[in-house]
Structures are given as C-alpha cells and as structure tokens.
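Read through the structure below, which is laid out as structure tokens, and then see the notes.
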Amino acid sequence: YGVGVYHFFRDEEVVVDTAIAAPSHLEGFFIAPLAVFLDGKGTMKHVLNDKGAETKKDPNKIGAIPQWICPATPSSPHGMIMSPAQPVSRSTACKDCAGERPTEIV
C-alpha cells in the first residue's frame with residue numbers, strides 16, 4: 001500500500017538517485033511514498049524515480065528530515081510533492097493530506 005525508505009549512511013558520503021525505483025507506469029499505485037534522512041553523510045536525490053525532493057542533512061534542523069509525495073486525487077490528479085519546509089494550507093494541500101503533516105519527526 002505505502003512504502004517508506006529511511007537512510008543513515010554512517011561512514012561514507014553516499015548519493016543515491018532515488019529511494020524507490022519502479023517502472024513509471026506503476027508510479028500511480030504508490031500511496032504517499034516517503035524518504036527520510038535519519039543521520040549520517042548520505043543523500044537521496046528523489047523519493048520515487050525522478051519525483052520528490054532530496055533528503056540530506058540540514059544544518060539548521062535536528063532530527064529526521066522527511067520528504068514524501070502525496071497521492072494523486074481527483075482534485076490533484078498528478079499528486080503533490082510535499083516536504084516539511086513547504087508551507088501547506090488546505091487550499092494548496094491535496095485532499096488526502098488536508099494540510100495535516102508532521103513538521104518534524106524526531
């Protein structure tokens with residue numbers, strides 16, 4: 001149903017192109033895919049294939065840094081790329097997220 005990838009590259013500065021690699025025709029079947037930076041030196045450039053923002057260390061934040069893609073809905077047929085840094089209101093959030101997202105996971 002949903003899937004999440006958490007990363008903690010402890011020893012090396014690893015760069016991964018995508019947390020979740022899937023055939024493009026299956027992207028719509030993922031429900032709110034998630035990538036979370038926990039700690040370490042690595043970076044994931046995208047959440048699902050070439051979609052979603054990168055997850056990496058942010059010197060201005062403490063704790064985990066999540067990025068996810070909200071599912072496509074009739075009101076948002078292509079889904080929305082969401083992140084805690086992006087301000088969300090009920091008018092800009094997709095119907096399923098409804099603006100209710102954690103701002104930080106600790």
Side-chain angles (χ1 to χ4, degrees):
Y1 186 76
V3 64
V5 176
Y6 297 77
H7 67 97
F8 173 36
F9 300 114
R10 187 186 73 179
D11 297 324
E12 301 293 330
E13 291 190 33
V14 176
V15 177
V16 178
D17 286 331
T18 186
I20 305 160
S24 60
H25 68 279
L26 296 178
E27 287 178 354
F29 290 94
F30 288 87
I31 307 299
L34 164 76
V36 181
F37 168 84
L38 295 175
D39 202 355
K41 303 176 183 179
T43 300
M44 280 191 206
K45 291 184 178 182
H46 300 285
V47 177
L48 173 62
N49 293 335
D50 62 349
K51 294 167 182 61
E54 70 180 10
T55 56
K56 65 180 182 178
K57 188 171 194 89
D58 182 342
N60 299 316
K61 292 189 178 189
I62 297 174
I65 300 173
Q67 300 286 347
W68 58 94
I69 303 171
C70 290
T73 65
S75 62
S76 178
H78 302 291
M80 294 181 68
I81 297 169
M82 308 301 281
S83 74
Q86 180 179 16
V88 174
S89 68
R90 293 198 183 273
S91 62
T92 60
C94 68
K95 182 184 85 173
D96 293 331
C97 289
E100 298 172 10
R101 299 182 286 118
T103 55
E104 184 172 55
I105 298 172
V106 180

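Please read all numbers here as calculations on a predicted model, not as lab measurements. Nothing fancy with the numbering, it's 1 onward along the sequence. The figures that follow rest on heavy atoms only: side chains count, while hydrogens, waters and symmetry mates do not.
- Atom NE2 of residue His7 and atom CE of residue Met44 lie 4.5 Å apart, to the nearest 0.5 angstrom.
- A distance of 12.0 Å separates CG of Leu48 from CG of Leu34, quoted to the nearest 0.5 Å.
- Atom CZ of Phe9 sits about 14.5 Å away from atom NZ of Lys56, to the nearest 0.5 Å.
- Using a 4.5 Å heavy-atom cutoff, the side chains of Ile20 and Val3 are in contact.
- Note that the CZ atom of Phe8 and the CZ atom of Phe37 stand 8.5 Å from one another [nearest 0.5 Å].
- Here the straight-line distance linking atom CD1 of Ile31 with atom CD1 of Ile69 works out to 11.5 Å at 0.5 Å rounding.
- Residues that satisfy the salt bridge (Lys or Arg N to Asp or Glu O under 4.0 Å) test with Asp39, not counting sequence neighbours, are Lys57.
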How far apart are the C-alpha atoms of Lys41 and Val14, what are their side-chain angles, what is the distance that settles it, and do they pass the side-chain contact (heavy atoms from CB on, under 4.5 Å) test?
CA-CA 7 Å; Lys41 303 176 183 179; Val14 176; over 6 Å; no
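- Counting all heavy atoms, side chain and backbone alike, Val47 lies closest to Ala53 at CG2-O, 4.0 Å.
- Sorted by first and then second residue, the side-chain hydrogen bond (donor to acceptor under 3.5 Å, both in side chains) pairs involving residues 11-33 (not counting sequence neighbours) are Glu27-Asn49, Glu27-Lys51.
- Evaluation of the side-chain hydrogen bond (donor to acceptor under 3.5 Å, both in side chains) rule for His46 yields no partner, not counting sequence neighbours.
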